[in-house]
Chemist: 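Take a look at this one; I'll ask things after.
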Amino acid sequence: VKEKVKTGTVKLVGDVEKLTLVRNGKPYSLGELNVGVYQIRVTFDGLPITTAGRLNVEYGKTSTIYCDAGFASCRVD
């Protein structure tokens with residue numbers, strides 16, 4: 001019997017040009033992701049890509065990344 005992969009959900013609130021989650025060197029999009037720690041890589045309009053923190057995806061939970069283009073920053077809730 002194959003064990004179900006444990007996942008959580010990640011959403012974005014705010015305005016960014018592009019947001020990618022990186023784990024073990026591989027890029028991931030928002031949505032349902034395997035549990036674990038991801039780097040938040042974000043591009044705001046006209047600015048270079050930057051690492052905007054880390055996100056711990058937890059089993060069965062929804063994490064929201066809030067980004068503010070005016071301050072070119074993101075936080076996780």
Side-chain angles (χ1 to χ4, degrees):
V1 177
K2 189 174 183 185
E3 188 176 326
K4 183 171 174 12
V5 176
K6 290 181 170 30
T7 62
T9 303
V10 181
K11 299 187 310 184
L12 169 67
V13 174
D15 47 344
V16 299
E17 190 173 311
K18 182 178 181 185
L19 187 139
T20 306
L21 299 169
V22 179
R23 182 173 179 214
N24 297 331
K26 294 182 183 175
Y28 296 88
S29 298
L30 296 168
E32 192 172 322
L33 295 169
N34 291 349
V35 297
V37 178
Y38 296 79
Q39 276 190 330
I40 302 168
R41 303 278 291 156
V42 65
T43 304
F44 292 99
D45 192 32
L47 296 174
I49 191 165
T50 185
T51 299
R54 297 170 79 83
L55 168 68
N56 185 20
V57 175
E58 296 182 60
Y59 176 58
K61 295 191 177 179
T62 298
S63 299
T64 303
I65 302 170
Y66 295 91
C67 293
D68 184 334
F71 291 100
S73 66
C74 297
R75 66 179 174 81
V76 177
D77 201 15

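Both backbone and side-chain heavy atoms feed into the values below; hydrogens, waters and symmetry mates do not. Sequential numbering from 1 along the given sequence is applied to the chain's residues.
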Chemist: Does Gly53 offer a backbone N or O that forms a donor-acceptor pair with the side chain of Arg75 under 3.5 Å?
Modeler: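 No, the answer is negative, given that no donor and acceptor are paired below the 3.5 Å cut-off.
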Chemist: For residues 58-67, which side-chain donor-acceptor pairs fall under 3.5 Å, sequence neighbours excluded?
Modeler:
none

Chemist: Find out if a path of hydrophobic residues (ILVMFWY) with successive side-chain heavy-atom gaps under 4.5 Å connects Tyr38 to Val76.
Modeler: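 Result: yes, single cluster for both.
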Chemist: Using side chain to side chain donor-acceptor pair (under 3.5 Å) as the criterion, list what pairs up with Ser73, not counting sequence neighbours.
Modeler: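 Partners of Ser73 by the side chain to side chain donor-acceptor pair (under 3.5 Å) criterion come out as none, since no residue qualifies.
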Chemist: Evaluate side-chain contact (heavy atoms from CB on, under 4.5 Å) for Asn34 paired with Arg23, printing each intermediate quantity in order.
Modeler: CA-CA 10 Å; Asn34 291 349; Arg23 182 173 179 214; 4.0 Å; yes
Chemist: Measuring from atom CG of Leu33 to atom CG of Leu55, what distance do you get when rounded to the nearest 0.5 angstrom?
Modeler: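 The distance works out to 8.0 Å.
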Chemist: Determine, using the 4.5 Å side-chain heavy-atom cutoff (strictly less than), whether Val37 and Val35 are members of one ILVMFWY cluster.
Modeler: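 Different clusters.
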Chemist: To the nearest 0.5 Å, tell me how far Leu21 CG sits from Arg41 CZ.
Modeler: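 Separation between the atoms: 11.5 Å.
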Chemist: Do Thr7 and Glu32 have side-chain N/O donor and acceptor atoms under 3.5 Å apart?
Modeler: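 Their side chains do contain a donor-acceptor pair, which is all the 3.5 Å distance test asks for.
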Chemist: Here's a test for you: under side-chain contact (heavy atoms from CB on, under 4.5 Å), which of Asp45, Val42, Asp68 qualifies with Val16?
Modeler: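 The option that passes is Val42.
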Chemist: Please report the interatomic distance OH(Tyr28) to CG(Leu19), rounded to the nearest 0.5 Å.
Modeler: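 Atom-to-atom, Tyr28:OH and Leu19:CG are 15.0 Å apart.
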Chemist: Using the test side chain to side chain contact (heavy atoms under 4.5 Å, CB included), find all partners of Leu47 that sit at least two apart in sequence or belong to another chain.
Modeler: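 Scan of Leu47 (side chain to side chain contact (heavy atoms under 4.5 Å, CB included), adjacent residues dropped) gives Phe44, Ala72.
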